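Sharing a structure below in structure tokens format, with a few things to ask.
Computation of the quantities below employed the complete heavy-atom set of this structure, encompassing side-chain atoms and omitting hydrogens, waters and symmetry-equivalent molecules. Starting from 1, each residue takes its place in the sequence as its number. Predicted, not measured: the structure shown is a model, and the values here were computed from it.
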Amino acid sequence: MQELDLLRTLLEVHRAGSITAAAARLGMSQPSVSERITRLEAELGTPLFTRSARGVVPTPAGDALAARVAAPVDRLREVWAMPAATSPVETVRIGGASDVVAARVIPALAPLTSQGVRLAFTLGLAHDLLARLADGGLDVVVSSVRTPVRGIRYRGLIDEEFVLVGAPALARTIDRKRLAADPAGALQHLPLVAYDTDLSIVRRYWRSQFGHRPANPVAITVPDLRGVLAAVVAGAGVSALPRYLAEPAIGAGTVEVLHRSEEAPINTLNLAIRAAEPATTVTIRVIDALVERAREWDVL
């Protein structure tokens, strides 16, 4: 399937004369299309296009390959596009936290729906979703925890950096001299906005940076990181958030980074699937799409 995807990408770029236009036709990002062409050129050992500010021009090798594969690849595309009466739509059941699904997963998988893949999402906490996966109620779970569960195996997607942020008004209450010498003590008066009652994310931040759990009061608990960010912007408290989610607010000045360290705390986003049975073809397509898109997530 990966080889067919590479050839399909080749044809779209050849026909469009542009990486950008081909990406729009394929429902992919421009870097992903470029990466596929580079991979195909590496496998064949020859350049297929020459790049310029006006687009791309096929080399003789690119023209020859496009001519050879156009007919068979187009026939396969006709098969992929067959109506539901002759090509049943398959559903992949995906679990994840609401914020991760909205910000990461749906944009990565939406192009598959035009290829006969139906997606059904279940939102919730990782432990509940992993239990449903183990029982056969889900096919894939995108999880920020890697809890050992019998019959489940994990694959890392990306390491996300976490930052401790708060509204400017709260940032001004921090004693900067004490922050340098005793950061946990300097931050202890600030209320927390937490993802759950276990303080899972802020607890992990405190332990990795300060060596112990936070002793701060908890102002709000909301199981959605977008909701956590909204509460922080509103001045309800401080929290640890993935940098990709907090960066727009940091840039706008509605929140500030309260603590910096030489080694940034990270959290790995994982794919969890059942280990006892092989994944279906359509589930593999979902997994491949997530793995490919995750290569770009560190720059979102």
Practice task
Compare every heavy atom of Pro47 with every heavy atom of Thr59, then report the nearest pair and how far apart it is.
Solution key: OG1-O, 2.8 Å

Fill in the blank from the handout: Note: with side-chain heavy atoms under 4.5 Å as the link, the other cluster members for Val141 come out as Leu129, Leu130, Leu133, Leu138, Val145, Val149, Ile152, Tyr154

Fill in the blank from the handout: Correct closest heavy-atom pair for Ala194 and Val228 would be O-CG2, 4.1 Å

Problem - Atom CZ of Arg176: over 12 foreign heavy atoms under 6.0 Å - result: yes

Exercise for the section: Indicate the ring-plane relationship of Phe210 and Trp206, choosing parallel, tilted or perpendicular according to the 30° and 60° boundaries. Expected result: perpendicular

Exercise for the section: Group every Ile, Leu, Val, Met, Phe, Trp and Tyr by side-chain heavy-atom contacts under 4.5 Å, then state whether Ile284 and Ile94 land in the same group. Expected result: no

Practice task
Could you check if a side-chain atom of Val100 sits within less than 4.5 angstrom of a side-chain atom of Ser144, using non-hydrogen atoms only?
Solution key: no

Problem - pair Asp196-Pro223: side-chain heavy atoms closer than 4.5 Å - result: no

Exercise for the section: Answer yes or no: does atom CZ of Arg146 have more than 12 heavy-atom neighbours from other residues, nucleotides or ligands under 6.0 Å? Expected result: yes

Practice task
Starting at OG1 of Thr122, measure out to CZ of Arg93 and round the result to the nearest 0.5 Å.
Solution key: 8.5 Å

Fill in the blank from the handout: Scanning both residues in full, the closest heavy-atom pair of Ala215 with Gln188 reads CB-NE2, 3.9 Å

Problem - In one Ile/Leu/Val/Met/Phe/Trp/Tyr side-chain cluster, 4.5 Å: Val193, Val257 - result: yes

Handout entry: Within 6.0 angstrom of Arg260 CZ, more than 12 heavy atoms from elsewhere
Key = no

Practice task
Working to the nearest 0.5 Å, report the span between CG of Leu199 and CD1 of Ile201.
Solution key: 10.5 Å

Exercise for the section: Without swapping roles, check the side chain of Asn216 against the backbone of Leu187 for a donor-acceptor pair under 3.5 Å. Expected result: yes

Handout entry: SB check Arg39 Glu35 (cutoff 4.0 Å)
Key = yes

Problem - Separation of Leu269 CG from Leu290 CG (nearest 0.5 Å) - result: 9.0 Å

Problem - Inter-residue atom distance Leu190.CG - Ser239.OG, 0.5 Å rounding - result: 11.5 Å

Handout entry: Glu160 with Arg104: basic N within carboxylate O range, under 4.0 Å
Key = yes

Problem - Option passing side-chain contact (heavy atoms from CB on, under 4.5 Å) with Thr254 (candidates Val165, Val233, Val232) - result: Val233

Problem - Euclidean distance, Arg207 CZ relative to His212 NE2, rounded to 0.5 Å - result: 10.5 Å

Exercise for the section: State, yes or no, whether a side-chain contact exists between Gln209 and Pro265 at a heavy-atom distance under 4.5 Å. Expected result: yes

Exercise for the section: Please determine which of Glu41, Glu12, Glu292 meets the salt bridge (Lys or Arg N to Asp or Glu O under 4.0 Å) test together with Arg36. Expected result: Glu292

Problem - Cluster check Leu11, Leu44: I/L/V/M/F/W/Y, side chain < 4.5 angstrom - result: yes

Practice task
Answer yes if Leu123 and Ile106 sit in the same cluster of Ile, Leu, Val, Met, Phe, Trp and Tyr residues linked by side chain heavy atoms under 4.5 Å apart, and no otherwise.
Solution key: yes

Exercise for the section: Return yes when atom CZ of Arg226 has more than 12 non-hydrogen atoms of other residues, nucleotides or ligands closer than 6.0 Å, and no otherwise. Expected result: yes

Problem - Ser98 side chain to Asp224 backbone, donor-acceptor under 3.5 Å - result: no

Practice task
Taking atom NE2 of His189 as the centre, report whether more than 12 heavy atoms of other residues, nucleotides or ligands fall under 6.0 Å from it.
Solution key: yes

Practice task
Grab the two heavy atoms, one from Arg274 and one from Gly136, that are nearest each other, plus how far apart they are.
Solution key: NH1-CA, 3.6 Å

Practice task
Nearest 0.5 Å please: distance from the CZ atom of Arg243 over to the CD1 atom of Ile250.
Solution key: 5.5 Å

Handout entry: Linked, directly or transitively: Val218 and Leu170 (ILVMFWY side chains, under 4.5 Å)
Key = yes

